[in-house]
Amino acid sequence: MSHGKNLQFDSKCVHAGIGDYEFGPVVPPIYQTSTFRFKDSAHGAALFKGEVDGYIYTRMKNPTIKALENAMAELEGGHKALGCASGMSAVSTTLIALLKSGDHIVCSKSVYGPTNTFINTILSKFGVEATFVDSEFAEEVEKAMKPNTKVVYVETPGNPTMSITDLEAVSKIAHKNGALVVVDNTFMSPALQQPFVFGVDIVLHSMTKFLNGHADVVGGVVVVKDEEMYLKMRKVLNQHGGVIDPFNSFLVHRGLKTLSIRMQRHCENTLPIAEYLEKHPKVKWVRFPGLKSHPQYEIGLKQHKGHGGMISFELNGGYKAGEILMNSVRFCQLAVSLGGVETLIQHPASMTHLTMGEEARKAAGITEGLIRLSVGIENVKDILADLEQALAKIS
Ligand SMILES: *Cc1c(COP(=O)(O)O)cnc(C)c1O
C-alpha cells in the first residue's frame, strides 16, 4: 500500500511505514521471531547472496522493524533508516561507520553526556581525534576544521543548554572541507525540525524520547540520504549488533501516530511555563527556544516549526535551591529522560551529564545549578501549580 509522499506531516505520522500484511491488518504485526524458515536450501543460499528479497535473521532484517524504519525515513525526508537498540547505539553505529584511526571529529560542546563520553573514551582508544566547539557560533566550527576532519556532529538544541546551531551554515562549512554533518534531532523530532532540509547528511535520534513518547521503550534510529550510506551503515549495525527488537519497534511505531499532536501540545504547554519561570523572582535565567531572550532565537525561528518541550533554567540559589525544587515537586516527576507524555525534572550535573566531568560541563555552559525540565502533555495549569508550590518552598 502506498500513501504517497505528498501527504501533510500529521497524516504521514498516522500512515507512514505501514505496508501490506497477510489478513490485511491496519497496523504491522509483531514478527516476534529471531529467524525465518527458508523454502529450501537454494532459497536460503539465494537470500544470503542477495539474489532474492526476503528475511533471514532478525539482527539483519525483520518486517516489524522494517515498517518502523520506513516510517522514520519518510518522516525525516530521508532515503532509508536503521532501527537501533538505543539512541546510543544509533550514535555509536554512525560514528564507527564514518570514522577510522587518524580521523578527526568536530562535535558540539553541549551534547548528550554519554555521546561526549563515547567520543572521549571509546573513539579516542581507536585513534580518533576530537575537538569540542560551541557550534552555535558557526565560525567556531570553521576554526576547528582540519584536513582530516571527517565528521561534524551537532546536537541542536543542545542537551541541556538549549544552544541552537545554524544547520545550514554548519553544513556549508563541513562540506567545503569534505566532512559529513551528523545531527542528533532528539530534542525536536521531525515534527518540529527536519535537518535534511538544511543540507545535513545523517539524522539520528534517541527514539526513547519524543518519537516513542510514552517512556516505555529504549530505542534509536539513524536516517540516511542515499543507498551507499545505507549499505555502509547496515553492515556496521549488523556487526556491531545494536539493533532494535520487533516488540519495541511496534511500540515506537504506535507512538509515531500521535507524534504530531503530542508535539503540538508539548509546544503549547512549554511556552507559558518558560515565560512564567523567566518572570519568577527566584529564577536566575531560563533557556527555551521560544523566548526572545534566547541568544539564537532567530536561528530557531528559521529552523523550527515550533519551540519544543524542553526548558533549562537556574534558580538564584543555584544547586541548593534547585535541590529543594526537585524534592518538592509532587506532580512533575524527578527522573531523567525526556520527551514523554509526563513532565520530568532532573539535574544534569549530578545525573545525565555527570560522566562528562566538571571541566567539560563548565566549558559547555552546563552550570552546576542548571535544572532541566521536560514538559509533558498534561494540563498546563497542573504543571504550573506544581512548580508554584515547589518554588514557594525555597526561602
Ligand atoms: C537520551 C538521548 C540520547 C541517548 O539515547 P538512549 O536511547 O538513552 O540511548 C542521545 N541523544 C540525546 C539528545 C538524548 O536525549
Side-chain angles (χ1 to χ4, degrees), residues 68 72 76 81-96 105 107-123 132 135-136 151 153-165 167 182-193 195 200 202-223 237 240-245 248-249 251-252 255-256 263 266 287 289 304 308-312 335-340 344-348 351-356 361 364 366 370 372-376:
L68 171 64
M72 278 311 303
E76 279 291 1
L82 302 99
C84 301
S86 64
M88 282 316 297
S89 170
V91 171
S92 56
T93 299
T94 301
L95 296 180
I96 289 168
I105 175 174
C107 181
S108 305
K109 269 184 198 164
S110 183
V111 286
Y112 183 64
T115 300
N116 171 294
T117 310
F118 177 77
I119 293 170
N120 273 330
T121 65
I122 298 181
L123 285 185
F132 291 87
S135 58
E136 63 270 34
V151 173
Y153 185 100
V154 172
E155 201 173 288
T156 181
N159 184 355
T161 62
M162 304 304 295
S163 59
I164 299 171
T165 297
L167 293 175
V182 178
V183 173
D184 182 336
N185 199 26
T186 301
F187 266 36
M188 280 295 166
S189 92
L192 303 182
Q193 173 171 268
V200 318
I202 290 164
V203 176
L204 59 82
H205 283 272
S206 167
M207 297 197 293
T208 312
K209 317 294 169 53
F210 290 104
L211 295 176
N212 177 59
H214 293 73
D216 51 10
V217 168
V218 171
V221 69
V222 184
V223 189
L237 185 58
H240 165 287
V243 292
I244 194 167
D245 69 75
N248 278 346
S249 296
L251 287 174
V252 175
L256 287 182
M263 293 316 295
H266 284 295
R287 276 287 175 274
H304 306 153
M310 300 300 300
I311 300 177
S312 65
V336 298
S337 198
L338 58 103
L344 301 178
I345 192 165
Q346 70 112 358
H347 175 240
M351 296 169 188
T352 50
H353 292 68
L354 175 72
T355 59
M356 264 175 87
R361 280 197 301 275
I366 306 169
L370 185 151
R372 195 184 74 185
L373 190 66
S374 172
V375 177

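Counting starts at 1 for both ligands and their atoms, in listed order.
Taking OG1 of T117 as the start and CE of M88 as the end, the distance is 7.5 Å to the nearest 0.5 Å. For the atom pair H304 NE2 and T156 OG1, the distance stands at 5.0 Å (nearest 0.5 Å). In this structure, the separation between CE on M72 and CG on L82 is 11.5 Å, given to the nearest 0.5 Å.
For the side chain to side chain contact (heavy atoms under 4.5 Å, CB included) test with R372, the passing option among L338, I311, T161 is L338; the others fail. Of the candidates L256, L211, V203, P190 forms a side chain to side chain contact (heavy atoms under 4.5 Å, CB included) with just one, namely L211.
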For ligand 1, list every N/O pair with the protein closer than 3.5 Å, one pair per line with the distance.
residue	atom	partner	partner atom	Å
ligand 1	5 (O)	S206	OG	3.0
ligand 1	7 (O)	G87	N	2.8
ligand 1	7 (O)	S206	OG	2.8
ligand 1	7 (O)	T208	OG1	2.7
ligand 1	9 (O)	G87	N	3.0
ligand 1	9 (O)	M88	N	2.9
ligand 1	11 (N)	D184	OD2	2.6
ligand 1	15 (O)	K209	NZ	2.8

Walk me through whether Q346 and T352 qualify under side-chain hydrogen bond (donor to acceptor under 3.5 Å, both in side chains). CA-CA 8 Å; Q346 70 112 358; T352 50; 2.8 Å; yes
